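Accompanying notes for the structure given below.
Basis for what follows: all heavy atoms, side chains included, without hydrogens, waters or symmetry-related copies. Everything numeric here is computed off the predicted structure, so don't read it as measured data.
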Amino acid sequence: MYKYVLLCVSILFICSCERESNTYEVGNSLVSAQTKVALIDTLTIKMSTIMKDSVVTSGKSAMLVGNIKDNTFGKVTSASLFELTPSSYSLATTTNVVFDSIVMYLTNNDFYYGDTLKTFKLDVHPMESRIKLNNGYLYNKSNFKYSSTSIGSAEFLPRPNTDSSFVKIKLDQAYGQNLFNLLKSKDANSQEYFLNFYKGLALVPSSDNNAMLRFGINSSYQVQISKTTKEKVSNIVRLYYHTASVNGTEEVKYTLDINPSTSYSYNKIQSDFSGSELANLSPTNPIESKNLGNKTYLMAGIGVYTKVEIPYLKSLKSLYTNYKIISANLSLSPVAGYYSKDFYNPSPLYYYLGDKKNNISSTFLQTDGTTEIQVSLSDESEFQSDYGYSFDMLSYVNTILSETSDSNYNVLIYPSSYQDVLSGKVVFGSQKNSTNPAKLKLYMLGY
């Protein structure tokens, strides 16, 4: 009996020692089982709406044309300006050739915003000045002159994402005849020479519109425009001509395509916040969320970002002698009343590390080190209050906590890649919003 009791006591002693010596690996260090994991969800989140002086709108092979007007963002107008590049600087033949017509086709309408049940109107204007890059880019506020005289117009009901949809704009005969004569002369043997006479076109929306449409430039997507000839087009200007019948010879028809440039094209996007919720917003006057009803705003194309700061983040360092941040997640939700199928909350969103002047310092990247992190909208719940975006803030938190001095880094959230031209927009609730508050959850391992 004595041996049995002694054996039981020995086993209990061994098990107790093993529990006390359990360890967890944190980096290259081993810490004791007394380590604590703390959930911290009470840190102050400071949010504001800022506006960049200008944003890149070139290089995305997209024509954004239209106007949108609402009480949230006021009025936003976009015209698309671009150079033209002929597929050939000479005609197929110059013998007995006769000019017929010149037509611009717009296809591949893969994006829209606003009222597409109303007739959409746009005009085509010839450029009067050359489009020139600024350090390799063109911006929403780049300003190049186009003629006040329209050489073509269109009125149509938009049919976004419809395979058979296209817009046909017959351009001015005199404009086409002069272009035809230049190519017939064979003098235009280079793009530089061609641009001396034809500097490009501008697609300008009517002020009557309340919709924004996007067309692809040089898209591989083609639409058949004639059942008889099986003729297909993408987004191009097409010159039609033929050889005249001489002594009974058969007439031969020709076409020559003139393509919008992908390098020298941009969207001139202008905004007017008068009378809107953002009436006081400007590049020099950001607005804190508390002055916007505990909301922040985003809109691409005009450079409206949401700025996020965690001012007391470094106070976490005083909680433990040693620590490791396990995860940090920021949840933002579209405010009730600002989410609908008509408001077009974009998915995905992108976010960037910003400096104290609100310039983008770096991009948050995936583990491959090159791909930007995209944050998709979660909208599968039956309750709109549960819709939202979830941002991994671990990299940002570790950056701030590892600083030896204050950098004033922040996080800038934008509706698309910051060099894109989409018109997606969002209104977020800040931390004190009553219906859709911002939430930051941080798990910390301390020992």
Side-chain angles (χ1 to χ4, degrees), residues 45-52 55 64 66-78 111-117 160 210-212 214 269 271-282 285-308 330-351 374-391 411-416 418 420-440:
I45 308 170
K46 183 180 178 182
M47 296 175 64
S48 56
T49 301
I50 69 166
M51 185 178 187
K52 303 289 286 183
V55 293
L64 193 67
N67 315 74
I68 49 176
K69 300 178 281 287
D70 59 38
N71 294 329
T72 306
F73 289 88
K75 182 178 180 180
V76 179
T77 301
S78 180
F111 167 86
Y112 70 98
Y113 174 85
D115 184 4
T116 59
L117 298 178
N210 191 22
M212 195 79 73
R214 185 180 67 185
I269 308 175
S271 58
D272 181 1
F273 297 141
S274 301
S276 74
E277 296 173 20
L278 297 178
N280 296 319
L281 180 67
S282 72
N285 186 48
I287 307 177
E288 292 186 26
S289 59
K290 65 181 181 181
N291 297 321
L292 288 170
N294 295 315
K295 301 187 296 290
T296 62
Y297 297 70
L298 309 89
M299 186 172 184
I302 58 174
V304 176
Y305 289 65
T306 279
K307 176 180 177 179
V308 178
L330 174 67
S331 298
L332 300 178
S333 300
V335 174
Y338 292 86
Y339 180 88
S340 70
K341 295 299 182 183
D342 295 328
F343 205 80
Y344 297 92
N345 290 259
S347 186
L349 294 180
Y350 296 77
Y351 60 123
Q374 301 180 13
V375 181
S376 298
L377 173 65
S378 175
D379 59 357
E380 297 177 355
S381 172
E382 61 179 306
F383 303 106
Q384 189 260 310
S385 58
D386 294 332
Y387 293 1
Y389 300 86
S390 181
F391 298 87
V411 173
L412 300 176
I413 303 174
Y414 201 47
S416 60
Y418 70 95
D420 213 338
V421 294
L422 303 179
S423 273
K425 54 186 183 179
V426 189
V427 177
F428 282 137
S430 63
Q431 194 170 33
K432 293 185 178 180
N433 188 275
S434 59
T435 59
N436 299 89
K439 300 175 183 178
L440 177 65

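Qualifying side-chain contact (heavy atoms from CB on, under 4.5 Å) partners for A211, counting only residues two or more places apart in sequence or in other chains: F120.
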| task | Take V426 and Y389 through the side chain to side chain contact (heavy atoms under 4.5 Å, CB included) test and state the conclusion after the steps. | result | CA-CA 11 Å; V426 189; Y389 300 86; 4.2 Å; yes
| Chi angles and distances behind the side chain to side chain contact (heavy atoms under 4.5 Å, CB included) call for N67, N210 | CA-CA 5 Å; N67 315 74; N210 191 22; 5.8 Å; no
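Atom-to-atom distance recorded for M212:CE and I269:CD1 is 6.5 Å, nearest 0.5 angstrom. Of the inter-residue distances, the one linking T49 atom OG1 with E288 atom CD reads 10.5 Å to the nearest 0.5 angstrom. Between the NZ atom in K75 and the OG atom in S276 there is a gap of 13.0 Å [rounded to 0.5 Å]. A distance of 10.5 Å separates CG of L64 from OG1 of T77, quoted to the nearest 0.5 Å. The structure places CD1 of I50 at 4.5 Å from CG of L412, a figure rounded to the nearest 0.5 Å. How far CD1 of I68 is from CG of D115: 12.5 Å, rounded to the nearest 0.5 Å.
Around the CG atom of N285, the shell of radius 6.0 Å holds more than 12 heavy atoms that belong to other residues, nucleotides or ligands. Heavy-atom contacts from other residues, nucleotides or ligands closer than 6.0 Å to NZ of K439 number 12 or fewer.
You'll find the side chain of M51 reaches within 4.5 Å of the side chain of F273, heavy atoms only. Looking at heavy atoms from C-beta onward, L330 lies out of side-chain contact with V411 at the 4.5 angstrom threshold. Put simply, the side chain of F391 reaches to within 4.5 Å of the side chain of L349, judged on heavy atoms. Between K425 and V76 the shortest side-chain heavy-atom distance does not fall below 4.5 Å.
Considering every non-hydrogen atom in both V335 and F428, the closest pair reads CG2-C, 3.3 Å. Contact between L281 and P286 at its shortest, heavy atoms only, is CD1-CA, 4.2 Å. Of all the heavy atoms in N433 and N436, the pair that sits closest is OD1-N, 2.8 Å.
Under a 3.5 Å cut-off, the side chain of S289 and the backbone N or O of S430 do not form any donor-acceptor pair. Put simply, the side chain of S333 gets close to the backbone of Y387: a donor and an acceptor are under 3.5 Å apart.
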With a cut-off of 3.5 Å and sequence neighbours excluded, list every side-chain donor-acceptor pair involving residues 290-300.
from : atom 1 : to   : atom 2 : distance (Å)
K295 : NZ     : L292 : O      : 3.0
T296 : OG1    : T306 : OG1    : 2.9
Y297 : OH     : E277 : OE1    : 2.4

